[in-house]
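Each remark here refers to the structure printed beneath this line.
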There are 2 protein chains.
Amino acid sequence: MGRPPKFSRARLQEAALALVDEHGLEGLSMRALASALGTGPMTLYNHVANREDLEVLVVEAVLAQAQWSRGCSDDWREDARELALTVWRALRAHPRVVPLVLTRRSRSPIVADFGEAMLAALARSGRSGHALLVAFRAITALIMGFAQGELAGPLATSAGEPADEVIERFRSLPRDRYPGLVDIAEAARESDPEREFREGLELLLDGLSRAR
Amino acid sequence: MGRPPKFSRARLQEAALALVDEHGLEGLSMRALASALGTGPMTLYNHVANREDLEVLVVEAVLAQAQWSRGCSDDWREDARELALTVWRALRAHPRVVPLVLTRRSRSPIVADFGEAMLAALARSGRSGHALLVAFRAITALIMGFAQGELAGPLATSAGEPADEVIERFRSLPRDRYPGLVDIAEAARESDPEREFREGLELLLDGLSRAR
DNA sequence: ACCTGAACACCGTTCAAGT
DNA sequence: ACCTGAACACCGTTCAAGT
């Protein structure tokens, strides 16, 4: 006997994302999500295969927020930059989901479409085949790596500890042993994440412009 | 009454890493580790604060395998390259630990020492302060991002699915809609991870050489 | 100082039954 | 087709007691 679903997959996705945004990764459980949706845990299994499947759904909810103009400009660097920035911003909007984005694999068309758009831009730098593959791997690595670095890297600013404290911790290292770390910790005080990402991205784009 | 520890912290670290290497992340539990060490779960709490602490220990076991020569050459690019490669290789030697490396933060001297060595190399490109910070963030992002990409990126080759299958999956996409993805999937067939990383790294080093 | 068993409050998921 | 309660086999961790 056909029964209408109690809630849509989209509703479930939205509720799961809200749970992680608000309570972090450990706030996401089948049971917690179920009660947020007003049902029992087992109901979720009508919409989702298992917990990992649910996590992929959360990842895709975040990635879906990356939007870009479909056409392309006459400057491939500008296109690649726009694409990279929109993904990076989507990740930054949901910092507590980043660990999931880094570790779960999605086969959603969102990922393929983004990849294809980025490849279209990079191809216009004059690359194809192996060189295009390397360029693609490098730029996606840079995006994910910057997101990771803010979350868990040496100068990570999130994850509970306030930014100023992390910087202070590095600033107070022995200056003779760690002059470089002290230096960048000072610089980090009057910097911001988007600027750092943009300038880091520009370094790679410079490399992509030069080599052939 | 002073009792000698039943096992050292190093022994615990080693056993935990072995557990993850062999059975993956889900094979690591307080209970499984305890029985691998021949005791009850609660004994572990004499050596480790909690599960997260244990995970950081595993991360540090992997990072500790990154070794580099202390002196520096007359070529900063060569030094940065060596440092990046040694970390990347350490990560690759323990693919199932990578998700932990991406998401857990360590305050071990290993991390600080690596950072300082890398900064020393990058500083010799003529950078300091904010520009040095950006260069550092970019190169660490590239390293971690490449490790992430192999694990969970669009063309990821690990995570159960064999490399050939992933590539085949992309190769069989509609060529008119995803020409770029099909192209790099073909290229990926006769490529290897270290080559891709080396060449991706070179792109960033090119960018670091040019800009000032 | 270090070890440890029992117990508690959670998990994800199987199963079998409902509509 | 979709829902759901009971039950199972796990977790990490607190507590209280041992040496």
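In what follows, chains carry the letters A, B, and so on, assigned in the order in which the sequence lines appear, proteins first and then strands, with residues in each chain numbered from 1. Basis for what follows: all heavy atoms, side chains included, without hydrogens, waters or symmetry-related copies. Remember, it's a predicted structure, so these values are computed and weren't measured experimentally.
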Distance-only, no hydrogens or angles: does the A:T140 side chain make a donor-acceptor pair with backbone N or O of A:F136 under 3.5 Å? yes
Per atom distances to the A:T39 side chain, the nearest of C:dC3, C:dT13, D:dT4 is D:dT4
For A:R31 and D:dA6, give me the distance from atom CZ to atom P, rounded to whole Å. 12 Å
Interatomic distance, B:L54 CG vs D:dC11 P [rounded to whole Å]: 13 Å
Within the 3.5 Å criterion, strictly below it, is a donor on B:H130 or A:E196 matched to an acceptor on the partner's side chain? no
Does the side chain of B:Y178 pick up a donor-acceptor pair with the side chain of A:D113 at under 3.5 Å? yes
Separation of atom CE in B:M42 from atom C1' in D:dC11, rounded to whole Å: 13 Å
Can you check the B:L12 CG to C:dC2 P distance for me, whole Å? 13 Å
Atom-to-atom span, CG of A:N50 to P of C:dT14 - whole angstrom: 8 Å
Starting at atom CG of A:N46, determine the distance to atom P of C:dT14, rounded to an integer number of angstrom. 13 Å
Can you see which heavy atom on B:V58 is nearest to which on B:A16, and at what distance? CG2-CB, 3.6 Å
Rounded to whole Å, the CG-C1' distance (B:L44 to D:dC11) equals 14 Å
Tell me whether A:E52 contacts the main-chain N or O of A:A49 through its side chain, where contact means a donor paired with an acceptor under 3.5 Å. no
Minimal non-hydrogen separation, B:T86 against B:L83, with atom names: CG2-O, 3.1 Å
Nearest-nucleotide comparison on DNA chain D, the residue closer to the 5′ end among A:G38 and B:A32: A:G38
Just how far, in rounded Å, is C1' of D:dG12 from CG of B:L28? 12 Å
Closer than 3.5 angstrom, by distance alone: can the side chain of B:Q148 be matched with the main-chain N or O of A:G145 as a donor-acceptor pair? no
Between C:dG12, D:dG5, D:dT13, spot the one nearest the side chain of B:R51, thanks. D:dT13
As a test of reading the structure: which of D:dT13, D:dC3, C:dC2 is closest to the side chain of B:P5, going by heavy atoms? C:dC2
Of the non-hydrogen atoms in B:T103 and A:P99, which two are nearest, and what is the gap between them? CG2-CB, 3.6 Å
When you get a sec, tell me which of D:dT4, C:dG12, D:dT13 is the closest nucleotide to the side chain of A:K6? D:dT4
Mind checking ring-ring contact (aromatic ring centres under 6.0 Å, His included) for B:F197 and listing every partner two or more places apart, or none if nothing turns up? B:W88, B:F146
Shortest side-chain distance from A:Y45, nucleotide among D:dG12, C:dT13, C:dC3: C:dT13
By nearest atom, which of the nucleotides D:dC3, D:dG5, C:dC11 is closest to the A:T43 side chain? D:dC3
Judged by atom type as modelled, is there a donor-acceptor pair below 3.5 Å linking the side chain of A:D183 to the main-chain atoms of B:G129? yes
DNA chain C contacts among residues 13-25 of chain A, heavy-atom distance under 4.0 Å: none
Tell me, which stems hold DNA chain C, with a stem being 3 or more Watson-Crick or G-U pairs in a row and both distances under 3.5 Å? C:4-8 with D:12-16, C:12-16 with D:4-8
